[in-house]
Amino acid sequence: MPLPTLPNPAARRLFLASAGLGSAPTGPAKGAALASLIDDLGFVQVDSITTVARAHHMILRARRPGYRPENLAPLITRRALWEHWTHDASVLPMSLYPHWHHRFARDADRLHRNWRNWFREGYEAQLDTILRRIEADGPVKAAEVGAGEARGKGGWWDWHPSKTALEWLWRTGALAITRREGFQKVYDLTERVIPAAFRHVTPSVAETIDWACTSALDRLGFATPGEIAAFWRAIAPEDARNWCRDGLARDELIEIEVEGVDGARRRAFARPDVLARAADLPDPPARIRILSPFDPALRDRARTERLFGFHYRIEVFVPEAQRRYGYYVFPVLEGARLIGRIDTRADSATATLATRAFWSEPGVAMGKARRAAFEAELARLAAFASCTNLDFAPGWQRARV
């Protein structure tokens, strides 16, 4: 029998709703309400680049316009949230910490093998020294350790040995991030950061696999085993395949075909009521939103391209002469459609949000109403970035390259 088909418009609605972009961007954005939003998303990726605001702040603002960057840190210091690795560095609900015990053990072996090849020698000799210092003297930043060690000039990952040791101890669970100062991590012993109620609970491997798969599917709406495993990067693809197979056998899951924007169909797993839920969802509000490149709706670039026909690659590491668009351009969402990308930057010296270019997607006309809505969103973004002026470069409206 043919598999049930989830039409592309319904697939978009369901995915955007699962990613927190299916309803009007409104509501409280601090304290328990902000913690609840992050819990709904699962995690918020942390990134260091600031052209307008850092990625984690952009992600939260897109869903709660009242959000301000200063709202996040109190949740970390009050231990409602913590910071660790999913597919990248992320802020997570503290309730998820127990599932990371298995990841710490897995990463200890993997990182020892890989980091001996990637980083300069000497970091392993610093592990005990770093731990003893933090135990005796309290939290440290990377700049405060490794006196006399050569500092690299090769980029973000060219760490001195003590910095590598700090990161290894963090990634494997001996240390935790107690806070950030500016954007610098402040490391402390895990037992001083993570409450005992979470440190002393270790789910079984089977429980962690079930949590990882269930929570990923709930936040994706529909997914392949590979997409399920990639969501948290906490389990192996084989674990996700087995979970899907068992879910089918128990009638807890069904297989469907998801229609892409080009009409092509791709098999995925979903809950049995997926078609009804997707059909009942309203269309997302038509309000324009400027998204972070690391927004949950865009993190899986291949999925974004299949569902929305939007090809996006970040060009931070591409030599300037070879960039198609720019160093750090933001995708632009209107309702259930990605309508383009914008190169805009906040200049604190002049309090100006300066837009170099907006590249519209094929078929997107910048008529009077859309341009007014677009400029209204830029005005809101400017206020978020503490800018009072908008500036547009000559010829800023362009067609996709």
Side-chain angles (χ1 to χ4, degrees), residues 1-23 41-42 87 209-210 212-233 235-286 291 293 295-313 331-341 360-364 400:
M1 293 180 61
L3 295 176
T5 297
L6 184 63
N8 182 254
R12 290 194 199 193
R13 288 197 305 269
L14 179 58
F15 179 50
L16 289 173
S18 301
L21 293 171
S23 57
L41 295 175
H87 66 292
I209 291 171
D210 184 63
C213 294
T214 298
S215 57
L217 185 58
D218 288 346
R219 289 170 174 85
L220 293 169
F222 49 86
T224 66
E227 290 169 340
I228 289 171
F231 185 86
W232 298 104
R233 295 277 181 93
I235 61 171
E238 182 180 0
D239 296 327
R241 285 193 294 271
N242 292 338
W243 183 86
C244 290
R245 180 201 63 207
D246 294 344
L248 282 177
R250 294 191 299 266
D251 294 325
E252 295 172 355
L253 299 177
I254 61 170
E255 266 195 293
I256 62 172
E257 288 190 330
V258 180
E259 184 182 48
V261 70
D262 60 356
R265 298 181 179 186
R266 189 169 189 254
R267 287 194 174 199
F269 292 88
R271 297 297 182 189
D273 64 346
V274 63
L275 298 185
R277 284 192 294 115
D280 288 343
L281 286 169
D283 289 330
L291 303 180
D295 193 278
L298 295 152
R299 183 179 66 85
D300 185 337
R301 311 288 194 219
R303 171 180 270 238
T304 300
E305 193 163 354
R306 284 194 305 272
L307 292 178
F308 298 90
F310 188 78
H311 178 86
Y312 182 86
R313 299 293 183 272
V332 181
L333 179 73
E334 180 186 54
R337 185 182 187 186
L338 286 159
I339 63 169
R341 64 206 79 204
S360 58
E361 288 292 285
V364 175
R400 190 181 72 180

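Everything numeric here is computed off the predicted structure, so don't read it as measured data. Numbers here are sequence positions counted from 1.
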Problem set entry | Any donor-acceptor pair under 3.5 Å from Thr304 side chain to Phe310 backbone |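 No, Thr304 side chain to Phe310 backbone: no donor-acceptor pair under 3.5 Å.
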
Can you list everything that forms a side chain to side chain donor-acceptor pair (under 3.5 Å) with [X]? Sequence neighbours excluded, please.
X      : value
Arg245 : Asn242
Arg337 : none
Arg233 : none
Glu334 : Arg370

Partner residues of [X] under the side chain to side chain contact (heavy atoms under 4.5 Å, CB included) criterion, sequence neighbours left out:
X      : result
Asp262 : Ala264
Asp218 : Thr214, Arg271
Arg400 : Tyr325, Arg341, Glu361, Pro362
Ser23  : none

For this session: Determine, step by step, whether Leu217 and Trp243 satisfy the side chain to side chain contact (heavy atoms under 4.5 Å, CB included) criterion, reporting the C-alpha distance in whole Å, the side-chain angles of both residues, the deciding distance to 0.1 Å, and the verdict.
Result: CA-CA 11 Å; Leu217 185 58; Trp243 183 86; 4.1 Å; yes

Rounded to the nearest 0.5 Å, how far does [atom2] of [Y] lie from [atom1] of [X]?
X      : Y      : atom1 : atom2 : answer
Leu16  : Phe308 : CG    : CZ    : 4.0 Å
Asp246 : Arg241 : CG    : CZ    : 13.0 Å
Phe222 : Leu14  : CZ    : CG    : 6.0 Å
Ser360 : Leu338 : OG    : CG    : 13.0 Å
Tyr312 : Glu305 : OH    : CD    : 13.5 Å
Leu220 : Asp300 : CG    : CG    : 8.0 Å

Shortest non-hydrogen contact between [X] and [Y], atoms and distance:
X      : Y      : result
Cys213 : Ile228 : CA-CG2, 3.6 Å
Ala212 : Ile235 : CB-CG2, 3.9 Å
Ala19  : Leu41  : O-CD2, 3.4 Å
Pro225 : Ala240 : O-CB, 3.3 Å

Exercise. Quick one: salt bridge (Lys or Arg N to Asp or Glu O under 4.0 Å) pairs with a partner in residues 220-232, sequence neighbours left out?
Worked result: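 Listed once each, the pairs are Glu227-Arg266, Glu227-Arg303, Glu227-Arg306.
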
Exercise. Please, which pairs that meet side-chain hydrogen bond (donor to acceptor under 3.5 Å, both in side chains) have at least one residue in residues 9-19, sequence neighbours excluded?
Worked result: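 As it turns out, the side-chain hydrogen bond (donor to acceptor under 3.5 Å, both in side chains) pairs with a partner in residues 9-19, which skip direct neighbours, are Asn8-Arg12.
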
Going by atom type alone, with no hydrogens or angles, which donor-acceptor pairs under 3.5 Å involve a side-chain atom of residues 249-257 and a protein atom two or more places apart or on another chain?
| from | atom 1 | to | atom 2 | distance (Å) |
| --- | --- | --- | --- | --- |
| Arg250 | NE | Glu252 | OE1 | 3.2 |
| Arg250 | NE | Glu252 | OE2 | 3.2 |
| Arg250 | NH2 | Glu252 | OE1 | 3.2 |

For this session: Only counting residues at least two apart or in another chain, list the ones meeting ring pair (Phe, Tyr, Trp, His ring centres under 6.0 Å) with Trp232.
Result: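 With neighbours one apart ignored, the set is Phe43, Trp211.
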
